[in-house]
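Hydrogens, waters and symmetry mates play no part in the numbers below; they use all other heavy atoms, side chains included.
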Amino acid sequence: MKDVLELIEKNPGLEKMNSEIVSNHGYYKSLFDEARAAAAPRRPIEKSKAWLERAAKVIPGSSQTFSKGFNQHVYG
């Protein structure tokens with residue numbers, strides 16, 4: 001690691017080399033190309049209600065933290 005830091009210190013241009021390249025550009029392009037402009041599919045809420053009921057039996061407040069609890073958000 002020291003060798004790398006010394007090399008960058010001696011050649012400041014290396015630090016800026018490839019700074020304009022976007023990491024994972026191909027992945028982001030694929031996501032963009034496959035995206036569809038449409039409304040999200042409706043999902044049934046029954047499963048969520050069942051998980052909440054199960055959590056209420058085991059976890060106080062049904063959440064790890066009070067601020068994330070179901071009773072801290074608008075229901076509906």
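- Summarising the geometry, atom NZ belonging to Lys57 is positioned 11.0 Å from atom OG belonging to Ser62; distances are rounded to the nearest 0.5 Å.
- The cluster map of Ile, Leu, Val, Met, Phe, Trp and Tyr, joined by side-chain heavy atoms under 4.5 Å apart, puts Val4 and Met17 in different clusters.
- Across Ser67 and Gln72, no two heavy atoms sit closer than the pair O-CB, 3.7 Å.
- Distance check, rounded to the nearest 0.5 Å: NZ of Lys47 to CD1 of Ile45 gives 13.5 Å.
- Rounded to the nearest 0.5 Å, atoms CG (Leu14) and CD (Glu9) are 12.0 Å apart.
- The number of heavy atoms from other shown groups lying within 6.0 Å of CD (Glu6) is above 12.
- There is no path of hydrophobic side-chain contacts, each under 4.5 Å, that joins Val58 to Trp51.
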